[in-house]
**Q** 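Take a look at this one; I'll ask things after.
Residue numbers run from 1 in the order of the sequence given.
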Amino acid sequence: EARRPVMVKTDTFLKESAKKNRELLKDQEAVMDSIIACDTLHSYLSSKDGFKYYYISENASADPLPKFGDRVEFTYSLSDIYGKEIYSKEDTKVITYYVDKQELFQGLRQAIKLLKEQEEAVFFFPSEIAFGYYGDKEKIGVNKPIRAQVHILKITPAPPPPPSTSESVGLIKCDFE
């Protein structure tokens, strides 16, 4: 007869963890929504990526939004969701970022793609798309939602890909009789 397992594993841990994460997100969104409800000076937008934001300054021209590979120069500051500063623009300096080719926390990566050159906005990120479970291991704690103020200084389009050096592959005509 086959031996029975000593311990039967279940997915209870994963289910409980997912449940706790959903509750945490719901709580953080409720706090952010209450802050937003009290702010009558700004018109908030919701992103498809799960954060809310408003513009400080908008660029009304038809300038393009940054896309994959573009070089973006920007400044940003981070605070807790109540506005207490964590990192100032002086702390972070001017950042040069190649869109989707370098690491930034998820919320900031998505936020940059929503702003044109010379636009500035304030973003409210739940912890799951900010620094998450680990924080930044310096000033941002575990599971802390973040408020980020981002100013796009310059967008340089990505250079076009180099032409192919290999010869084009032609079609071969085959006669089957």
**Q** Write down the atom of K144, the atom of A130, and the distance for their closest heavy-atom approach.
**A**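 Looking at all heavy atoms of both residues, the closest pair is O-CB, 4.2 Å.
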**Q** For F125 together with F51, are the ring centres under 6.0 Å from each other?
**A**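 Close enough - the centres of the two rings lie under 6.0 Å apart.
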**Q** Please find the pair of heavy atoms, one from K52 and one from D33, that lie closest to each other, and give the distance.
**A**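 The pair with the smallest heavy-atom distance is NZ-OD1, 2.8 Å.
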**Q** Search all heavy atoms of Q102 against all heavy atoms of T96 and return the closest pair with its distance.
**A**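 Looks like OE1-O, 3.7 Å.
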**Q** Kindly indicate whether the side chain of E29, heavy atoms from C-beta on, has any atom under 4.5 Å from the side chain of L25.
**A**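 Result yes, sub-4.5 Å side-chain heavy-atom pair found.
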**Q** Locate the shortest heavy-atom distance separating I155 from P64; write the atom from each residue and the value.
**A**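 That would be CD1-O, 4.1 Å.
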**Q** Take L24 and S127 through the side chain to side chain contact (heavy atoms under 4.5 Å, CB included) test and state the conclusion after the steps.
**A** CA-CA 9 Å; L24 177 66; S127 64; 4.0 Å; yes
**Q** Are I146 and F123 close enough that some pair of their side-chain heavy atoms sits under 4.5 Å apart?
**A**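 No, side chains not in contact.
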**Q** Do K19 and K15 come within less than 4.5 Å of each other through their side chains, counting heavy atoms only?
**A**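 K19 does not reach K15 side chain to side chain.
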**Q** Considering all heavy atoms of both residues, which atom of Y55 and which atom of L115 are nearest to each other, and what is their separation?
**A**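 Distance-wise, the nearest heavy atoms are CE2-CD2, 3.5 Å.
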**Q** Side chain to side chain contact (heavy atoms under 4.5 Å, CB included), that's the test. Do Y82 and V31 meet it? Break it down for me.
**A** CA-CA 10 Å; Y82 301 105; V31 170; 3.4 Å; yes
**Q** To the nearest 0.5 Å, what is the distance between CZ on R71 and NZ on K101?
**A**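 NZ of K101 is found 13.0 Å from CZ of R71.
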**Q** Tell me, do F74 and L108 make a side-chain contact under 4.5 Å, heavy atoms counted?
**A**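 F74 vs L108: side chains touch.
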**Q** Are I95 and T75 packed together at the side-chain level, in the sense that at least one heavy-atom pair is separated by less than 4.5 angstrom?
**A**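 Counting from C-beta outward, I95 and T75 never come under 4.5 Å.
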**Q** Find the distance between OH (Y54) and CG (D39) and round it off to the nearest 0.5 Å.
**A**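 Answer for the OH-CG pair, Y54 versus D39, is 6.0 Å.
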**Q** Are I56 and F124 co-members of a hydrophobic cluster defined by side-chain heavy atoms under 4.5 Å apart?
**A**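 Same cluster.
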**Q** Mind checking the CZ-CG spacing from R109 to D100? Nearest 0.5 Å is all I need.
**A**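 The CZ atom of R109 sits 7.0 Å away from the CG atom of D100.
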**Q** Going by heavy atoms in the side chains, are V150 and Y53 under 4.5 Å from each other?
**A**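 Contact flag for V150/Y53 side chains = no.
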**Q** Kindly indicate, with the supporting measurements, whether the criterion side chain to side chain contact (heavy atoms under 4.5 Å, CB included) is fulfilled by E120 and Q149.
**A** CA-CA 7 Å; E120 187 169 6; Q149 185 169 329; 2.6 Å; yes
**Q** Given side chains that start at C-beta, do those of K113 and L65 come closer than 4.5 Å, heavy atoms only?
**A**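 Answer no - side chains too far apart.
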**Q** Rounded to the nearest 0.5 Å, what separation is found between the CD atom of E85 and the NZ atom of K139?
**A**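 Here the rounded value is 8.0 Å.
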**Q** Does the pair V72 and Y98 meet the rule for a side chain to side chain contact (heavy atoms under 4.5 Å, CB included), with working shown?
**A** CA-CA 6 Å; V72 178; Y98 289 88; over 6 Å; no
**Q** Check whether E119 reaches the backbone of K116 with its side chain - one donor and one acceptor, N or O, closer than 3.5 Å.
**A**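 Yes, the answer is positive, given that a donor and an acceptor are paired below the 3.5 Å cut-off.
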**Q** Could you work out, with side-chain hydrogen bond (donor to acceptor under 3.5 Å, both in side chains) as the rule, every residue matching N59, not counting sequence neighbours?
**A**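 So N59 forms a side-chain hydrogen bond (donor to acceptor under 3.5 Å, both in side chains) with S61, D63.
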**Q** Does L45 belong to the same Ile/Leu/Val/Met/Phe/Trp/Tyr cluster as I152, with side-chain heavy atoms less than 4.5 Å apart forming each link?
**A**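 Yes.
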**Q** Going from CD on E117 to CG on D70, what distance comes out if it is rounded to the nearest 0.5 angstrom?
**A**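 If we round to the nearest 0.5 Å, E117:CD and D70:CG are 10.5 Å apart.
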**Q** With no hydrogens and no angle check, just 3.5 Å: does a side-chain donor-acceptor pair link S57 and Q118?
**A**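 No, because no side-chain N or O of S57 sits under 3.5 Å from a partner of the opposite role on Q118.
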**Q** How about Y87 and D136: does a side-chain donor come under 3.5 Å of a side-chain acceptor?
**A**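 Checked: Y87/D136 side chains pair up, N/O donor to acceptor below 3.5 Å.
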**Q** To the nearest 0.5 angstrom, please state how far the NZ atom of K93 sits from the OG atom of S88.
**A**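 Reported value, rounded in 0.5 Å steps: 8.0 Å.
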**Q** Check F105 against I129 and note the closest heavy-atom contact, atom names and distance.
**A**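 The answer is CD1-O, 3.4 Å.
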**Q** Are any non-hydrogen side-chain atoms of S79 and K84 less than 4.5 angstrom apart?
**A**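 Contact flag for S79/K84 side chains = no.
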